Amino acid sequence: MTRPSPPSGSEKTGPDAFALLHRGVQRWVWERRWTSLRPIQEQAIRPIIGGDTDVLLAAATAGGKTEAVFLPVCSVLARDAEHGESTGIQAVCLSPLKALINDQHTRLTDLCARIGIPVTAWHGDIGVIQKDRLREEPSGILLITPESLEAMFVTRGSTVARLFADLRYIVVDELHAFLGTARGAQLRSLMHRLERAAGHRAARIGLSATLADLRAAAEFLRPGEGDRVTILEDRGAGKQLLLQVRGYVADLREDAEGGACDAATGHLYQVVRTGHNMVFVNSRAEAESCAAALSEFAEQDRIPNPFTPHHGSLSAELRAHAEQRLKNRSAPATIVCTATLELGIDVGWVDTVVQLGTPPTVAGLRQRLGRSGRGSAPAKLYVYITEQSLPETPVERLRLDLVQTVAMVELLLRRWCEPPDLETPHLSTLVQQILSVLAQHGGASALRLYRELCADGAFPGVDEQTFADLLRALGAHGIVTQERSGLLLPGKVGETLLNHYSFYSAFDTVEEYTIATVDGDMGTMPISPAVDTGALLAFGGRSWQVVEVKPAERRVLVVPARGEGVPPGFAGVPVPVSDGVRQHMREVYLGTDVPRYLDEAAAILLEEGRMAFREIGLADLHVHEYDGETLLFPWRGDRVVETICHLLRWVGIKAAHAGALVTVPDVPPERLRGAVSRLVKAGPPDPVDLAGMVADKRRHKYDHYLGEELLSRSYAAQALDVPGAMRFLEQLSG
DNA sequence: GACCTGCTGCGGCGTG
């Protein structure tokens, strides 16, 4: 047998990067019959094998990132094993999804078995036998969720130092999914605590989708030293994109009778009835109703139904089944999904990606688009936007959804995406981490807590004074208690929190009913709004009748039914629209060119929106009176719009946030201008004072233990943008 | 209108 020649090197890395890999790893590559490594895989070898720098690796989904990291990591581990140097877990890979851990475990097992490195998958669905095995003989690679690692610190804190004594690498998969979130703050703290327990630094390696600001992501990966992180980016070969935004009109007013989406659905059905496709929708209810509507078309056509819904309230089994149908190439399959399938769960390439309605974020749209375009085939994306027929109000005439979509597509084409908020300290998550460290060590002094959590940068921006205030608030709520010696311990309430498994996650969820059939559980639905016996539900792509509601057991029993069901009333909070998108919307209104990717109807809608924009006079003014209300158009992100509302309430004006605009009832523009002028003259209130006026400031899991003062400070930092709001109000008054 | 993610230890019961 002739071996393929080793993959050749690029100029950047030198010809011998491949030669640095362990021969067992090289052999594995040859056996795969890879003719060459991808550029990013080759570039990653030297810095990762060196082990003395952190690395951020950015490439599109399925860009070979996993191998880019683990070929060199495994090479180092294999060499250690040969020299008999390892006595613990040497690489931890933190991943946001159990499904990703399972995927990765399968992919790594073969390579690692070849070179004798154990790989352990560890999350809530993994049995205790595998976990015990690793605890007894810690070595190799550990694939784990942040929550499971948190549990390890809490329940077996005294063993952590031994398990990770030889830690060399901390890998974070899908790093972008953590940026600017509570879970991200937890992850960062866990990385820091791992290194402290090990007694030395580990090389941190982040895997990410291509992002607008990789330096910011690097700073997240290694706080305070982001500029020393090695950044490797594979922007792809500039894959060709076939894109169409399609416009539709329908009566969307609340009392209107459907018929609306039928025209769009009819076209959609023709696009996705064959092949393998993904239809992204913006809510779980829509995933159900859209899958049902498409299925009805299939039934009329007498073809096997290729449509399956996929969202976070469906059971893991139903979701896995839907993913399997999409992966299976022998029959057409189209999945109708929410953001569940944005991350890198392996479903293979799809022919066409569809976005139904305005995309929630540009970053998400890019991720969704990345699912399409097998090999050298172009990526194909359809966006469907439905606007109000016979528009009357300014909001309807402005065609805001279509214009927002155009703005977002333009920004996508310019490679822009929403910057995550990485500056604001997450006090709710700090509460969790304080309790976790106390459990880990069996108590700690305030100084030790501060050093372990804040001083070295896992919670940048929390100064000693703030930390002391926080500890006092936690003492007042029974979260922590202090002994005479000064030693801090979990308090009564803190113990209760620690003793329940829900403690391990940094994010909060509400209690739900389980939807149960005789064949097993299908998923979950909210307890409120209440559901009655006899109701017809649309769930998992089928209709069901509720036969019994058992509130005590939190279960709803259903049986298959005929007829059209209604999706459960899923609750949710809106995804905020960022500043960049709203500012660009204004540019789109002011522009005159009609993008070629708009179909005829969408082009007409854009023209109508621009005409309304001019007629209302929004090119120069940001204020308009309609039907007894004064409307403000800041063209700024939701955070600024919300702050404008708070500032107006501050001076006694009732203002409401309605999407892109602020509505002020019963105050004519002139009076509003007068009030705004006085506010501008007097100067803005302190953001913390302004936050103090807000009724419900709780946004995160442990916010209600912060106390009023810290909660206001936290809210002011996270939810308000007073300078941004003042800039608009100054414009308005001047 | 309105996403997503995660989870331990132990007691009780049935079976071989």
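Every chain is numbered from 1 and lettered A, B, ... according to where its sequence line falls, protein lines coming before strand lines. Predicted model only: the values in this text are computed from it and were never measured.
A:Phe503 and A:Tyr702 have tilted rings, their planes meeting at an angle from 30° to 60° on a 0 to 90° scale.
Here the nucleotide nearest the side chain of A:Pro574, chosen from B:dG6, B:dA2, B:dC7, is B:dA2. Across B:dG6, B:dC4, B:dT8, the shortest atom-to-atom separation from the side chain of A:His311 is found for B:dC4. Nearest to the side chain of A:Val575, among B:dC3, B:dT8, B:dG6, sits B:dC3. Checked against B:dC3, B:dG6, B:dT8, the side chain of A:Lys131 finds its nearest nucleotide in B:dT8. Comparing B:dC7, B:dC4, B:dT8 by their closest approach to the side chain of A:Thr340 singles out B:dC4. The side chain of A:Thr145 approaches B:dC7 more closely than any other nucleotide in the set B:dC3, B:dA2, B:dC7. Nearest to the side-chain atoms of A:Ala339 among the listed nucleotides B:dC7, B:dC3, B:dT5 stands B:dC3. For A:Thr155, the side-chain atoms get nearest to B:dG9 when compared with the rest of B:dG9, B:dC7, B:dC4. Side-chain atoms of A:Asn282 lie closest to B:dA2 of the nucleotides B:dA2, B:dT8, B:dT5.
We find that the ring of A:Phe507 and the base of B:dT5 stack, their centres lying under 5.5 angstrom apart and their planes tilted less than 30°.
For the pair A:Gln186 CD and B:dC4 P, the interatomic distance rounds to 20 Å; values are reported in whole Å. Here B:dT8 presents its P atom at 18 Å from CG of A:Leu435, a figure rounded to the nearest Å. The separation between A:Leu100 atom CG and B:dG6 atom P is 9 Å, rounded to whole Å. One can place CG of A:Leu341 at 12 Å from C1' of B:dC3, the figure rounded to the nearest angstrom.
Contact check, A:Thr181 against B:dT5: no side-chain N or O comes under 4.0 Å of OP1 or OP2. Listed pair A:Ser283 / B:dG1 fails the phosphate criterion, with no side-chain N or O lying under 4.0 Å from OP1 or OP2. The side chain of A:Arg183 places no N or O atom within less than 4.0 Å of a non-bridging phosphate oxygen (OP1 or OP2) of B:dC4. Listed pair A:Arg368 / B:dC3 fails the phosphate criterion, with no side-chain N or O lying under 4.0 Å from OP1 or OP2. The side chain of A:Arg284 contributes an N or O atom lying less than 4.0 Å from OP1 or OP2 of B:dC3.
A side-chain donor-acceptor contact under 3.5 Å links A:Asp103 to the backbone of A:Asp346. In this structure, A:Arg325 contributes its side chain and A:Thr334 its backbone to no donor-acceptor pair below 3.5 Å.
No contact: A:His500 has no heavy atom under 4.0 Å from any strand. Nucleic acid contact for A:Pro360: none, since no nucleic acid atom lies under 4.0 Å from a heavy atom of the residue. Within the nucleic acid shown, A:Ala571 comes within 4.0 Å of sugar-phosphate atoms alone, with no base atom in reach, counting heavy atoms only. Counting non-hydrogen atoms under 4.0 angstrom, A:Glu286 reaches the backbone sugars and phosphates but no base.
Taking NE2 of A:His310 as the start and CD1 of A:Ile335 as the end, the distance is 5.0 Å to the nearest 0.5 Å. For the atom pair OG of A:Ser95 and CG of A:Leu187, the computed distance is 10.5 Å after rounding to the nearest 0.5 Å.
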_Worked check of side-chain hydrogen bond (donor to acceptor under 3.5 Å, both in side chains) between A:Arg555 and A:Thr514_ = CA-CA 5 Å; A:Arg555 287 171 83 77; A:Thr514 296; 4.8 Å; no
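You won't find any donor-acceptor pair under 3.5 Å spanning the side chain of A:Ser502 and the base of B:dG6, going by distance alone.
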